[in-house]
Amino acid sequence: MSPRRPRLTRRRIVIGAGALAVVVAATAAIAYAVLRNREGNVNHPDVVFRAEPEQTTPPPPPRPSKPKEDPLATFEWPFYGYRADRRRVLDARLRPPFRRRWKVNANVLLEFSPVIGQGKVFLLADDARLRAVDKESGKVRWKRRLGVLAASAPAYADGRLYVTILERAPGAAGRVVALRARDGKVLWTRDLPSRTESSPLVTQGHVIFGTENGTVYSLRTGGG
């Protein structure tokens, strides 16, 4: 005779079904919590989801660009003939048409060309008057009478002007003068035993020029 199977009572069936329902409910709650808190996209037919923007460090603001320096603002023409070799060579790439911006009347003969430095045009007229003219406006910034007769161009270097004078007084010999380019203040002067029509050069701390008696001078720029 086979062993008899235990009969399940109605009470046990109800308890088992209840326990099973509790397990199913707990599993559903855990699954909901996981789905709600997980990262990534979650689809829902009635809701539009948008991905959260990534938190990134904002780029640094762009550095302000330095204004381009105008080469004409700092252009210098320091000696007669432009360079110390007197070759008068300048690749300026200037194109016409040209128009006059300003003019300055010296009222005497202008025999030699001017020089340019510190934004000024330095012009020595035949009456030995030296003028500093603003190269943008044409306004005369200062002028100095250095003798009675001149026939040369000044030299500009390191904020100074060096000028040779043909006659410092009627019938007298010449002189050489150093001036501050900013305001025309005379820094030093030296009388010469002869007249001079030599446009000076400045190099290695010396100002160099010749005189009509055949002498070549090399004077220290700091004081002769």
Side-chain angles (χ1 to χ4, degrees), residues 67-170 174-190 192 195-203 206-209 219 221-224:
K68 294 183 179 180
E69 185 176 349
D70 182 6
L72 294 179
T74 56
F75 175 76
E76 294 181 352
W77 187 298
F79 306 126
Y80 172 75
Y82 183 49
R83 298 295 188 190
D85 54 20
R86 312 292 206 200
R87 288 187 295 174
R88 304 174 178 83
V89 177
L90 173 65
D91 185 8
R93 293 185 172 87
L94 299 176
R95 298 291 183 269
F98 303 114
R99 62 184 180 87
R100 187 174 67 187
R101 297 184 60 177
W102 52 263
K103 69 176 181 177
V104 174
N105 293 323
N107 299 317
V108 294
L109 181 65
L110 302 176
E111 190 172 352
F112 278 75
S113 60
V115 296
I116 300 174
Q118 289 188 349
K120 302 179 185 68
V121 177
F122 300 105
L123 177 65
L124 180 64
D126 272 27
D127 62 357
R129 290 184 187 272
L130 179 65
R131 291 172 174 83
V133 182
D134 188 287
K135 72 174 187 177
E136 295 297 329
S137 66
K139 182 178 180 180
V140 177
R141 295 301 181 183
W142 55 260
K143 58 184 177 180
R144 296 287 180 272
R145 183 73 178 264
L146 302 176
V148 296
L149 185 62
S152 61
Y156 171 82
D158 301 323
R160 291 185 173 189
L161 291 169
Y162 302 92
V163 183
T164 55
I165 300 301
L166 192 62
E167 293 183 1
R168 61 180 181 269
R175 67 192 300 205
V176 58
V177 186
L179 305 95
R180 190 164 60 190
R182 174 167 51 88
D183 54 11
K185 178 182 178 181
V186 174
L187 301 176
W188 56 263
T189 181
R190 176 171 176 172
L192 301 171
R195 306 196 320 165
T196 174
E197 297 182 71
S198 175
S199 299
L201 291 175
V202 181
T203 180
H206 288 75
V207 52
I208 302 171
F209 60 94
L219 306 179
T221 55

Indicate the atoms forming the closest heavy-atom contact of [X] with [Y], along with that distance.
X: G159; Y: Q118; result: CA-NE2, 3.6 Å
X: V108; Y: A125; result: CG2-CB, 3.5 Å
X: S152; Y: L124; result: O-CD2, 3.5 Å
X: G147; Y: I165; result: CA-CG2, 4.2 Å
X: A169; Y: V148; result: C-CG2, 3.5 Å
X: T221; Y: R160; result: O-NH1, 2.7 Å

For the residue pair [X] and [Y], establish whether any side-chain heavy-atom pair is separated by less than 4.5 Å.
X: T196; Y: V176; answer: no
X: L90; Y: W77; answer: yes
X: L179; Y: F122; answer: no
X: V133; Y: W102; answer: yes
X: F79; Y: V202; answer: yes
X: P154; Y: V163; answer: yes

To the closest 0.5 Å, what do you measure between [atom1] ([X]) and [atom2] ([Y])?
X: N107; Y: R129; atom1: CG; atom2: CZ; result: 10.0 Å
X: L123; Y: I116; atom1: CG; atom2: CD1; result: 11.0 Å
X: D126; Y: F112; atom1: CG; atom2: CZ; result: 8.5 Å

Any donor-acceptor pair under 3.5 Å from [X] side chain to [Y] backbone:
X: R175; Y: L192; result: no
X: W142; Y: A181; result: yes
X: S199; Y: A153; result: yes

Sole residue of K120, R141, R101 in salt bridge (Lys or Arg N to Asp or Glu O under 4.0 Å) with E136: R101

CZ (R87) with more than 12 external heavy atoms under 6.0 Å: no

From CA spacing to verdict: salt bridge (Lys or Arg N to Asp or Glu O under 4.0 Å), R83, D85: CA-CA 5 Å; R83 298 295 188 190; D85 54 20; over 6 Å; no

Aromatic plane relationship, F75 with Y82 - under 30° parallel, 30 to 60° tilted, over 60° perpendicular: parallel

Full working for side chain to side chain contact (heavy atoms under 4.5 Å, CB included) between R195 and L149: CA-CA 10 Å; R195 306 196 320 165; L149 185 62; 4.2 Å; yes

